[in-house]
K.L.:
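Below you will find the structure I want to go over with you.
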Amino acid sequence: MTDRQAALAALAQQTIELPSWAFGNSGTRFKVFGQPGVARDPFEKLEDAAQVHRYTGVAPRVSLHIPWDLVDDFGKLASHAADLGIRIGAINSNLFQDDDYRLGSLTHPDQRVRDKAIAHHAQCVEIMRQTGSTDLKLWLPDGTNYAGQDDLRARQDRLADSLQQIYALLDPGHRLLIEYKFFEPYFYAMDIPDWGTSLLHCLALGDQAQVVLDTGHHAPGTNIEFIVMQLLRVGRLGAFDFNSRNYADDDLMVGAADPFQIFRIMNEIVAADALIGSGVNFMLDQCHNIEPKIPGQIRSVMNVQEATAKAFLVDAEALATAQRAGDVLGANRVLMDAYDTDVRPLLRELREELGLRPDPMAGYAASGYAERIRSERIGGTQAGWGA
Ligand code: LRH
Ligand code: MN
C-alpha cells in the first residue's frame, strides 16, 4: 500500500466531534452577535451539525454542554440525532456560570459548594446514560486573582477529593476527561493550569481519567506537539479541543491562525498511530462570533483533514534515516515536504470515494439549507452563550 492509499484508508475512518455551542451565538465580553437562522434549541443544533457530517462525512458526533443543552427528554434528543445520522458525544459540565462558584467550585473552601458542583456531575453522568455517551468532559474554571487569596495546596487537596467523588460516579465504560487552561477566568492561578496538573490528578484517579488538550489553553510559545507526544507516551491523551488563536483563548477556527501547528500536532498523532482506535477523541471547541456557523464548522473539519493528510505523507523512513544521521536540515526538509504538499486533490478523491461532493463548502452552499433556516427559524430565542 502506498502512502497515498494508506492516507486515504485512514482519512476515511477519521472522525471529528463538533461542539453544540458552535451553532449558537457567541462573542466576547464586548458583544455577542446574533445571526439570522441560528439554532434556538439543542434539536436545531443537531440538525445544523448533521449538515457538517452530510458534506464532510467525518463529523458523526456532537458534544453537548450542560445546562446549555438541557432538554426534558435526552432519549428523544438522542433518537433525533440518530434520525439525522449522527450521535451525541461527550457531555461537558459547566462550573463557570453560577454565582456560588465565585471563589471556586470543586476547590471551594465550603463543602456545600463543592457538593453542589459534584452533584452537577452526577446529573451529567445520568445524561450520559440516557444519550449513550461515554465521555464526561470537565473543564475546571476554578482559580484565584491575587497572591495569598487562598491556599494553593489546600485547593489542590480539596480538588483531588472532589474529583475522586466524581470519578466514583462513572460506569465502567465511561471516561472522565479533565481539561486544563493556563489563565481565564482567573488571572493569578488557575487550579488546573497545565497538562502536568491535569495528568497528576488523572493518575491519582485511575485508568478512566484522561487529559483534554485544548489548543487555545497554553502560554504563547508553548510547544503543544511535545505535550501531545508525552501524553500519548503515557497513554493519557483522552481528547483534543481543537481551535486556533493569535493572542489568548480566541477559539478561532482550527488551523486558521496557525496551520503549521495543527500539522505538527497531527504529525505526532500519525507517528504514534493514534488517529484511529486509540481512544483519542478529536473534538472542535470553537466559536463563530462573526462568520456563518455551519460553513465555519465545515471549514474547520476540512482544516483538520488537510493537516492529517499532510501528516500521512511524511516519509517516515527518510525522516528516521535523516534523524539517525544527525542530518538536521535533511530531517526538517522531509517534514516540510509533506507540509508543503497540496493535499486538496487527495481529499477530493476521498470524498468521491465516500460518495460525497468533492467540495463540502460548495455542497452546503448549493443545498439551500442556509436560506431555509433563515426563513423558517422566525421567533423564539436564539441559542448562545449565556442564553
Ligand atoms: C473553556 C473551554 C471548555 C468549554 C468552554 C466552552 O475555555 O475551552 O472546553 O467548556 O470552552
Ligand atoms: Mn475547551
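Treat the numbers as computed from the prediction; the structure is a model and nothing was measured. Heads up: numbering here begins at 1 and tracks the sequence. Values below: every heavy atom of this structure, side chains too, minus hydrogens, waters and symmetry copies. Every number for a ligand or one of its atoms is a count from 1 in the order of the listing.
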K.L.:
Got a second to check how far Leu11's CG is from Leu275's CG, nearest 0.5 Å?
P.N.:
7.5 Å
K.L.:
Within the distance-only criterion (no hydrogens, no angle test), does the side chain of Asn94 pair as donor or acceptor with the backbone N or O of Phe96 below 3.5 angstrom?
P.N.:
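Such a contact is found between Asn94 side chain and Phe96 backbone.
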K.L.:
Counting no waters, what protein N/O/S atoms lie under 2.8 Å from the Mn ion (ligand 2)?
P.N.:
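As for protein N, O or S atoms lying under 2.8 Å from the Mn ion (ligand 2), they are Glu179 OE2, Asp214 OD2, Asp241 OD2, Asp285 OD2.
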K.L.:
Please give the N or O to N or O pairs under 3.5 Å between ligand 1 and the protein, distances rounded to 0.1 Å.
P.N.:
from	atom 1	to	atom 2	distance (Å)
ligand 1	7 (O)	Lys181	NZ	3.1
ligand 1	7 (O)	His217	NE2	3.2
ligand 1	7 (O)	Asp249	OD2	3.1
ligand 1	8 (O)	Glu179	OE2	3.1
ligand 1	8 (O)	Asp214	OD2	3.0
ligand 1	8 (O)	His217	NE2	3.2
ligand 1	8 (O)	Asp285	OD2	2.7
ligand 1	9 (O)	Lys137	NZ	3.2
ligand 1	9 (O)	Glu179	OE1	2.6
ligand 1	9 (O)	Glu179	OE2	2.9
ligand 1	9 (O)	Asp241	OD2	3.0
ligand 1	9 (O)	Asp285	OD2	3.0
ligand 1	10 (O)	His65	NE2	2.8
ligand 1	11 (O)	Asp285	OD2	3.2

K.L.:
Report the residues that fulfil side-chain contact (heavy atoms from CB on, under 4.5 Å) with Asp161, sequence neighbours left out, ordered by chain and then residue number.
P.N.:
Gln165
K.L.:
Under 30°, 30 to 60°, or over 60°: which ring-plane class applies to Tyr339 and Phe263, parallel, tilted or perpendicular?
P.N.:
tilted
K.L.:
About how many Å separate CD of Gln305 and CD of Gln14, when rounded to the nearest 0.5 Å?
P.N.:
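The CD atom of Gln305 is 6.0 Å from CD of Gln14, to the nearest 0.5 Å.
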K.L.:
Which residues pass the side chain to side chain donor-acceptor pair (under 3.5 Å) test with Thr56, sequence neighbours left out?
P.N.:
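For Thr56, no residue satisfies side chain to side chain donor-acceptor pair (under 3.5 Å) once neighbours in sequence are set aside.
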K.L.:
Verify the ring-centre separation between Phe183 and His217: is it less than 6.0 angstrom?
P.N.:
no
K.L.:
With side chains defined as the heavy atoms from C-beta onward, is the minimum distance between Val113 and Tyr101 less than 4.5 Å?
P.N.:
yes
K.L.:
Can you tell if the side chain of Ile88 reaches within under 4.5 Å of the side chain of Phe74, non-hydrogen atoms only?
P.N.:
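The answer is no; the side chains never approach within 4.5 Å.
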